[in-house]
Amino acid sequence: MNKINFFLRIILKSDFLFLIIFLINLWYIIEKINRYNPYSKLFYFYDSDKEFLDSINSYYNQSLFALEEIKKWKLGNYQSAGLDNYDDKFFDKFDLVRENKLEDGKLCVGIMSKQRIGNSHNYPLKTIVSLITRVPLKYQDRILLTVYNVDRLPLENRTDLTPLVGTVKIVDLKQNVSKLVDNFDGFRKIKEAADYVTVLRHYYNQNICNLILVIEDDSIPCKNWYDKIIEAVRYVKKTNWFCLKLFTSFRSFDWAIYPYSVLFSIFKLIIINFILNRIFFLLNEFKKKIIQNLFKFVNKENKRPILIRMVLFANALLIVLRFNELSVRPVGYGVKEYSLGFNAIANLYPKNKLNEIADFIEADVMNFITNKVSNFEPKDIALELFRKLKKYKEFIVEPSIFQHTGLQSSLGEQISYKNIKFNQYRPFQSYSYIKEYREDISFDPNFWLHK
């Protein structure tokens, strides 16, 4: 009994053991609080890349099956779908959209597609089938959907697009910025930017849609994506906006790009460190009084409080870095003014800004290929420079309406650009694409025909 009492005293007197217990409870409470909020990004902290991949790898077979169901259904129901004949494509009612008197809400969707060589994932299939099955057909009077083949391969040689021919509009796109672009095949970001300029100019000159959505061919939308886009636009249309990003990916490094975030993060670190120290040492003093009353001895002062403070500081730093303002802020349903500085996976633009954007990116391309400048900025970085120059506003919408599913860059194998590595194996995923949006890709004619 005396030995047990002796060891119990040793344990209770140990400030370091109490520190360990304190930290375990601290992180348990943080995790529990955020788990109760299904729209907190901490809710997805335990979503590993493998779990994410498992949820999207099944989309290929689902999309293939859904597409076959669509084709079968179309044979006998094309008139119910608002099509004049079986060969008509979905969401390609050009005249119907043009004649629509709707002032706001006409949306042109451009999917820029390039075949990935030696990849088992058919990205365009998943993207396009999810796009057309997750929005009712009644919106064919306000949505125009076009797939742009920006590959050197002509459409007839695109094996990944073959299953989709006849279902949606697919066209070959040839950039018209400059023939000099063709001399930069080894630097594919140049052609990517030139293709982007060509698509933006096409929609500007078309003069039908007041909203233009340009997406990459490896991003899938949530259900009722059109309604969610229009709802988000209501918040920004009275501002001087030029871009609404429908996909965001916030990871632990995002604090480094947030406006004034370095100073803000230092301030938060000071506050959090103070709070942790205050709580721990108050609880520790309370513990000492309890064991003093129980065992009738005076607990000696800890001779190493500096080490304890260092451990607490490290945990405060971890909270700031890993669970920063972008991670712990509840996702909710909202539009926020925020400049990512990168990412053009699913960008929505107002039609009246397209020409300015195209001019800026084109100048970036031309200055580089004519040797006027030595550095070239990819289109997403160029968009950020454009925003700063014009003082336009950029917004994000959360939860993300689109989820990126790509594992391999459309630019080819792993490449390095200004010491930034594009990893074809790690998914660039959205941590705010909430679990409610992660559902099977399937064909539901009742949803399609919903009035």
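- One finds the CZ atom of Phe94 at 10.5 Å from the CD atom of Glu99 (value rounded to the nearest 0.5 Å).
- In this structure, the side chains of Ile319 and Trp27 come closer than 4.5 Å at one or more pairs of heavy atoms.
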Criterion salt bridge (charged side-chain N to carboxylate O under 4.0 Å, His left out) on Glu356 and Lys353, from CA distance to verdict: CA-CA 6 Å; Glu356 289 182 83; Lys353 298 288 196 311; 5.6 Å; no

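- Using a 30° and 60° split on the angle between ring planes, Phe402 and Trp225 fall in the tilted class, from 30° to 60°.
- Listed for the Asp160 side chain is no donor-acceptor partner under 3.5 Å among the backbone atoms of Asn122.
- Rounding to the nearest 0.5 angstrom, the gap separating the CD atom in Gln403 from the OG atom in Ser219 is 9.5 Å.
- Annotation for Asn343 and Phe247: closest pair ND2-O, 2.9 Å, computed over non-hydrogen atoms.
- A pairwise comparison of heavy atoms in Asp141 and Asn100 identifies O-ND2, 2.8 Å as the closest pair.
- The shortest side-chain heavy-atom distance between Asp104 and Val233 does not fall under the 4.5 Å cut-off.
- Contact between Phe368 and Ser374 at its shortest, heavy atoms only, is CE1-O, 3.4 Å.
- The backbone N or O of Val97 lies less than 3.5 Å from a partner atom in the side chain of Lys106, making a donor-acceptor pair.
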Verdict with reasoning, Leu348 to Leu211, per side-chain contact (heavy atoms from CB on, under 4.5 Å): CA-CA 7 Å; Leu348 184 75; Leu211 296 171; 4.2 Å; yes

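- Formation of a donor-acceptor pair under 3.5 Å by the Gln62 side chain with backbone atoms of Ile441 is found in this model.
- Panel note: side chain Asp92, backbone Asp88; no donor-acceptor pair is recorded below 3.5 Å.
- Side-chain rings of Trp241 and Tyr392 stay apart, their centers remaining 6.0 Å or farther from each other.
- Under the 6.0 Å distance and 45° angle rule, Lys336 does not count as a cation-pi partner of Phe395.
- Panel note: side chain Ser130, backbone Ile220; no donor-acceptor pair is recorded below 3.5 Å.
- At distances below 3.5 Å, not a single donor-acceptor pair connects side-chain atoms of Asn157 with backbone N or O atoms of Leu153.
- Pairing each heavy atom of Phe22 with each of Leu276, the nearest pair is CZ-O, 4.1 Å.
- The closest donor-acceptor contact from the side chain of Arg158 to the backbone of Ser113 lies under 3.5 Å.
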Full working for side-chain contact (heavy atoms from CB on, under 4.5 Å) between Tyr226 and Arg142: CA-CA 10 Å; Tyr226 173 81; Arg142 61 198 69 184; 3.0 Å; yes

Salt bridge (charged side-chain N to carboxylate O under 4.0 Å, His left out) evaluation trace for Arg201 with Asp359: CA-CA 9 Å; Arg201 290 209 191 282; Asp359 284 345; 2.7 Å; yes

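- Relative to the ring axis of Tyr123, Lys114 does not place its NZ or CZ within 45° and under 6.0 Å from the centre.
- Between the CD1 atom in Ile29 and the CD1 atom in Ile24 there is a gap of 12.0 Å [rounded to 0.5 Å].
- Here the SG atom belonging to Cys209 is positioned 5.0 Å from the CG atom belonging to Leu144, to the nearest 0.5 angstrom.
- When all heavy atoms of Lys93 and Gln140 are compared, the pair lying nearest together is CB-O, 3.7 Å.
- At least one donor-acceptor pair closer than 3.5 Å links the side chain of Thr198 to the backbone N or O of Asn176.
- Between Lys228 and Glu231 no salt bridge is recorded (no basic side-chain N to carboxylate O distance below 4.0 Å).
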Derivation and outcome, side-chain contact (heavy atoms from CB on, under 4.5 Å), residues Leu26 and Phe280: CA-CA 10 Å; Leu26 170 69; Phe280 173 78; over 6 Å; no

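- Considering CZ of Phe386 and CD1 of Ile357, their distance stands at 5.0 Å, rounded to 0.5 Å.
- Judged by distance alone, the side chains of Gln175 and Asp195 never bring a donor and an acceptor atom under 3.5 Å apart.
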Stepwise side chain to side chain donor-acceptor pair (under 3.5 Å) check, Asn224 with Arg134: CA-CA 6 Å; Asn224 289 311; Arg134 292 180 170 181; over 6 Å; no

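- Two residues are said to be in side-chain contact when any heavy atoms from C-beta on lie closer than 4.5 Å; Leu164 and Val147 fail this criterion.
- In this view, Glu216 satisfies the salt bridge (Lys or Arg N to Asp or Glu O under 4.0 Å) rule with no residue, not counting sequence neighbours.
- Looking at Val109 and Ile212, their side chains never come closer than 4.5 Å, going by heavy atoms from C-beta outward.
- A donor-acceptor contact shorter than 3.5 Å is absent between the side chain of Thr146 and the backbone of Gly110.
- Between Leu213 and Leu246, some side-chain heavy-atom pair lies under the 4.5 Å cut-off.
- Inter-residue side-chain proximity for Val150 and Lys191 is flagged as met; some heavy-atom pair is nearer than 4.5 Å.
- Between Tyr78 and Tyr86, a ring centre-to-centre spacing not shorter than 6.0 Å is recorded.
- More than 12 heavy atoms of other residues, nucleotides or ligands sit less than 6.0 Å from atom CZ of Arg98.
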Stepwise side chain to side chain donor-acceptor pair (under 3.5 Å) check, Gln115 with Asp151: CA-CA 7 Å; Gln115 183 161 305; Asp151 206 305; over 6 Å; no

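- Within 6.0 Å of the CZ atom in Phe274, the count of heavy atoms belonging to other residues, nucleotides or ligands does not exceed 12.
- Annotation for Met366 and Ser178: closest pair SD-CB, 3.6 Å, computed over non-hydrogen atoms.
- Within the model, atoms CG of Asp364 and CD1 of Ile381 stand 10.5 Å from one another, a figure rounded to the nearest 0.5 Å.
- Between Ile111 and Leu131 the shortest side-chain heavy-atom distance falls below 4.5 Å.
- Between Asn149 and Asp172, the side chains place a donor N or O and an acceptor N or O closer than 3.5 Å (distance only, hydrogens not considered).
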Tyr196/Met112 under side-chain contact (heavy atoms from CB on, under 4.5 Å): CA gap, chis, key distance, verdict: CA-CA 8 Å; Tyr196 209 78; Met112 303 185 68; 3.5 Å; yes

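- For Tyr139 and Trp448, the distance between ring centers is not under 6.0 angstrom.
- Environment of CZ in Phe65: sparse, with no more than 12 heavy atoms of neighbouring residues, nucleotides or ligands closer than 6.0 Å.
- A donor atom on one side chain and an acceptor atom on the other are found under 3.5 Å apart for Asn347 and Tyr349.
- Residues Glu394 and Glu337 are not in side-chain contact: their nearest non-hydrogen atoms beyond the backbone lie 4.5 Å or more apart.
- Side-chain atoms of Asn273 never come within 3.5 Å of backbone atoms of Leu269 as a donor-acceptor pair (strictly under, hydrogens ignored).
- Both tests pass for Lys351 against the ring of Tyr204: distance under 6.0 Å to the centre and angle within 45° of the axis.
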